[in-house]
Amino acid sequence: MRNIKITVQYNGKNYCGWQSQPDSVGIQGAIENAYYEITKENIKVIGSGRTDSGVHALGQVANFTTDSSISADKIPNALNAKLPKDISVVEAEDVDEDFHSRYSAKRKCYRYMIHNNRYRNPIVSGISYQVKYDLDFDKMVRESKSLIGTHDYKGFMSSGSQVKSTVRTIYDLRLEKNEDMIVLEIEGNGFLYNMVRIIVGTLVDIGRGRISEPLSEVIESKDRDMSGHTAPACGLFLKKVFY
């Protein structure tokens, strides 16, 4: 039995998320179905995390065990020939049997794209969050520094999640602006349910002047009512998983 690690890119617009649901296909199910078409073998694909409906990936990592003898370097092309055009396997390799895409992960990096313009851009509308209001970008950058470090991010988690601890470590957070596109990249040892999207919404609300309190106080409050709105899924990408 072999353990195969794959790296996957996808546009999540047409999917219910990574994990398949009884009435809709997720990225996971699409890959499992494609592999079955190739080998007639039923596999269970394990992802590094469950991206929600509408979320994209530039570097989702997954693994599965297989009895097939197909070489790892041929797996991407074989799968891509069967997969929908909005999913692509870009790398595959044999790994040790104890490798687990989720539990072996050390940190993750997410990217979020904001289109700051009054008018929609049809080229990026499906992969970015259009914010029509003027934003104080410099203030957003200054306040975002408070997020770096180890904190209790309870106020940046949506309800419906049951976790033992809401403490997480953010190693780096970068905000860059190029004309009307703002790109946030955030790297941490783990993220709570909707945490990145709430961070983005909070920074947007700070940029609009809707949140006047220092972000450090918002974090310390651990109060969801003090943080900002949840930014939409369409602008979020899982960029990279580190092992």
Side-chain angles (χ1 to χ4, degrees), residues 1-105 108-113 126-127 158 160-163 190-197 230-243:
M1 185 71 73
R2 301 160 62 204
N3 191 15
I4 305 295
K5 172 189 173 187
I6 58 174
T7 303
V8 189
Q9 297 180 343
Y10 50 85
N11 184 316
K13 178 182 178 181
N14 297 320
Y15 299 92
C16 63
W18 168 261
Q19 189 172 26
S20 298
Q21 304 296 329
D23 57 349
S24 54
V25 177
I27 308 298
Q28 169 196 10
I31 297 171
E32 291 171 352
N33 292 341
Y35 197 79
Y36 181 81
E37 286 191 52
I38 299 164
T39 64
K40 304 305 177 186
E41 180 183 0
N42 288 307
I43 60 168
K44 177 70 172 179
V45 178
I46 302 168
S48 67
R50 299 178 182 178
T51 53
D52 292 333
S53 175
V55 175
H56 320 295
L58 297 170
Q60 170 71 286
V61 176
N63 72 288
F64 60 89
T65 56
T66 178
D67 287 320
S68 172
S69 61
I70 182 172
S71 61
D73 62 327
K74 293 182 178 179
I75 288 177
N77 281 335
L79 283 172
N80 291 339
K82 303 294 184 181
L83 285 167
K85 299 302 182 183
D86 47 10
I87 304 174
S88 179
V89 176
V90 297
E91 186 177 346
E93 61 178 310
D94 285 276
V95 289
D96 293 338
E97 63 179 13
D98 60 351
F99 174 84
H100 191 286
S101 59
R102 179 181 176 187
Y103 298 129
S104 300
K108 293 180 181 178
C109 179
Y110 283 91
R111 173 182 293 175
Y112 197 97
M113 296 176 60
I127 56 171
S158 292
S161 175
Q162 296 181 348
V163 291
F191 296 89
L192 303 168
Y193 181 42
N194 283 340
M195 178 174 163
V196 177
R197 292 166 59 188
T230 303
C234 60
L236 183 60
F237 296 75
L238 173 56
K239 182 182 178 183
K240 189 172 183 179
V241 185
F242 299 86
Y243 293 92

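As the structure is a computational prediction, the values presented were derived from the model and not from experiment.
Contact annotation: the side chain of Y10 never approaches that of L83 to less than 4.5 Å [non-hydrogen atoms, C-beta and beyond]. The closest side-chain heavy-atom distance from V95 to I4 is not below 4.5 Å. In this structure the side chain of M113 reaches within 4.5 angstrom of the side chain of F237, judged on heavy atoms. At least one side-chain heavy atom of I87 sits less than 4.5 Å from a side-chain heavy atom of I27. By the 4.5 Å heavy-atom criterion applied to side chains, W18 and S48 are not counted as neighbours. T39 places none of its side-chain heavy atoms less than 4.5 Å from the side chain of T66. Looking at S68 and I75, their side chains never come closer than 4.5 Å, going by heavy atoms from C-beta outward. With a 4.5 Å cut-off on side-chain heavy atoms, D52 and Y193 count as touching.
Within the model, atoms NZ of K108 and NZ of K239 stand 16.0 Å from one another, a figure rounded to the nearest 0.5 Å. Distance check, rounded to the nearest 0.5 Å: OG of S161 to CG of N194 gives 9.0 Å. Separating the CD1 atom in I31 from the CG atom in L79 is a distance of 7.0 Å, to the nearest 0.5 Å. The structure places CD of E93 at 13.5 Å from OG of S71, a figure rounded to the nearest 0.5 Å. Between the CZ atom of R102 and the CZ atom of R50 there is a distance of 6.5 Å, given to the nearest 0.5 Å. Between the CZ atom of F99 and the CD1 atom of I46 there is a distance of 10.0 Å, given to the nearest 0.5 Å.
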TODO: Could you walk me through whether K82 and I38 pass side-chain contact (heavy atoms from CB on, under 4.5 Å), step by step?
DONE: CA-CA 8 Å; K82 303 294 184 181; I38 299 164; 3.9 Å; yes

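The shortest heavy-atom contact between D94 and R2 is OD1-NE, 3.0 Å. Among all heavy-atom pairs drawn from A92 and I6, the shortest one is CB-CG2, 3.8 Å. In this structure, A233 and S53 approach most closely via the heavy-atom pair CB-O, 3.4 Å. The shortest non-hydrogen separation linking F64 to K44 is CB-O, 3.5 Å. Among all heavy-atom pairs drawn from Y112 and P232, the shortest one is OH-O, 2.7 Å. The two residues Q28 and V45 have their closest heavy-atom pair at NE2-O, 3.3 Å.
Between F191 and Y110, the ring planes are perpendicular. Angles over 60° get that label, and only those under 30° would be called parallel.
If you check the side chains of T51 and Q60, you find no donor sitting under 3.5 Å from an acceptor.
Here the rule is side-chain hydrogen bond (donor to acceptor under 3.5 Å, both in side chains) with N3, and of T65, D98, N63, D96 only N63 fits it.
Side-chain atoms of H56 come within 3.5 Å of backbone atoms of C234 as a donor-acceptor pair (strictly under, hydrogens ignored).
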